[in-house]
Amino acid sequence: MGIYLGIFILENKAIGSKIPNWRNSLFSKESIIGSLTNPQRISDTFKSSGRKEISTPTIAEYLTYLQDVGLISKAERYDVKGRKYIPTPVKYYYTDTGLRNVLVRFRQYEETHLMENVIYNELLYRGYSVDVGVVPVQTTENGLRVNRKLEIDFVANKGSKRYYLQSAFAIPDQAKMNQEQESLVRVPDSFKKIIITSTNSPLWRNEQGITIMSIYDFLLNDNSLESCLSKMCDAVAQIMRLAQQGQIIERPGDIA
């Protein structure tokens, strides 16, 4: 009831009076959800579409409203090497993806973003505090040193437990696997690292020690983050190494 009352207040009092089309404006895929952003970026987006009257402080106030009524939740960025929080930009997620679809009248349906949002909500439901991970790295390009910041979708903490998770809708080839695991393999600790995919594939662990898990296994088992036993994963990894011959197999269960 609180969320629905909050929507009514936002529509008629707080936001609706200044942004008549606030639902599509603030919940569009180009605005805030699942992407790194801040009030300044959102304000710039409005200005680029001719809405110059909506200032950065106003956007910041409205984002606070949306969090207070339980429509969105904020995930801050955490430097896993420096062990410190980075204040801006941040990510926002819907607390209820179904309600989000209603608010935007079932438009802008993106499976990749929605799956990431569902994983975030499930982690919160299981009692984890969830941040967006940042892994600073230094590489050499054209003979010059370049500082980069790799992203980990989620760093989930509960007590002494920590998990690093990537949401990957599909991993069709080795290039995509390398992309998804690049940040994970550079984390300088031994906490479990997991890539969650949309394919209904058996649980397995690759040569980098990263667990590959389907979204179905993740959601249907409350203990899914702990369910990958080392012996089973290592056995599957060995089979994968023998069968792959240098090429990734999307479904380990297809191996005869």
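When a residue number appears, it is its place in the shown sequence, counting from 1.
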**Request:** Begin from the C-alpha positions of Thr37 and Ser35 and carry the test side-chain hydrogen bond (donor to acceptor under 3.5 Å, both in side chains) through to its verdict.
**Result:** CA-CA 6 Å; Thr37 192; Ser35 302; over 6 Å; no

**Message:** Under the criterion side chain to side chain contact (heavy atoms under 4.5 Å, CB included), I'd like the reasoning laid out for Asn157 against Val155: C-alpha separation, chi angles, the key distance, then a yes or no.
**Reply:** CA-CA 7 Å; Asn157 295 284; Val155 181; 3.7 Å; yes

**Message:** Quick one, Glu182 with Asn178, criterion side-chain hydrogen bond (donor to acceptor under 3.5 Å, both in side chains). Give me CA distance, side-chain angles, the key distance, then yes/no.
**Reply:** CA-CA 6 Å; Glu182 182 180 8; Asn178 292 340; over 6 Å; no

**Audit row: Ser224, Arg126, side-chain hydrogen bond (donor to acceptor under 3.5 Å, both in side chains) steps and yes/no** = CA-CA 11 Å; Ser224 56; Arg126 295 181 185 182; 2.9 Å; yes

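Side-chain atoms of Arg186 and Leu184, non-hydrogen and from C-beta on, never get closer than 4.5 Å to each other. Using a 4.5 Å heavy-atom threshold, the side chains of Leu225 and Ile194 count as touching. Inter-residue side-chain proximity for Asn147 and Pro136 is flagged as unmet; no heavy-atom pair is nearer than 4.5 Å. The closest side-chain heavy-atom distance from Arg145 to Thr139 is not below 4.5 Å. Between Leu114 and Thr112 there is no side-chain heavy-atom pair separated by less than 4.5 Å. No side-chain heavy atom of Asn117 sits under 4.5 Å from any side-chain heavy atom of Ile119. In this structure the side chain of Glu122 reaches within 4.5 angstrom of the side chain of Phe218, judged on heavy atoms.
With hydrophobic clusters built from ILVMFWY side chains whose heavy atoms lie under 4.5 angstrom apart, Leu203 shares a cluster with Leu165. Hydrophobic clustering (side-chain heavy atoms under 4.5 Å, transitive across Ile, Leu, Val, Met, Phe, Trp, Tyr) keeps Ile86 apart from Val135. Each of Val134 and Val137 belongs to its own hydrophobic cluster when Ile, Leu, Val, Met, Phe, Trp and Tyr are linked at side-chain heavy-atom distances under 4.5 angstrom. Side-chain heavy atoms closer than 4.5 Å link hydrophobic residues (I, L, V, M, F, W, Y) into clusters, and following such links, even through other members, never connects Leu63 to Val132.
Remark: Arg41 fails to qualify as a cation-pi partner of Tyr92 under the 6.0 Å distance and 45° angle criteria applied to the six-membered ring.
Here the closest non-hydrogen pair linking Ala60 and Pro39 is CB-CG, 3.8 Å. Nearest heavy-atom pair, Gln166 versus Glu180, reported as atom, atom and distance to 0.1 Å: NE2-O, 3.1 Å. The shortest heavy-atom contact between Glu116 and Lys91 is OE2-NZ, 3.3 Å.
For Asp153 and Ser167, the side-chain atoms include no donor-acceptor pair closer than 3.5 Å. For Tyr163 and Glu226, the side-chain atoms include at least one donor-acceptor pair closer than 3.5 Å.
Taking the six-membered ring for Trp and the full ring otherwise, Tyr128 and Tyr120 have centroids separated by 6.0 Å or more.
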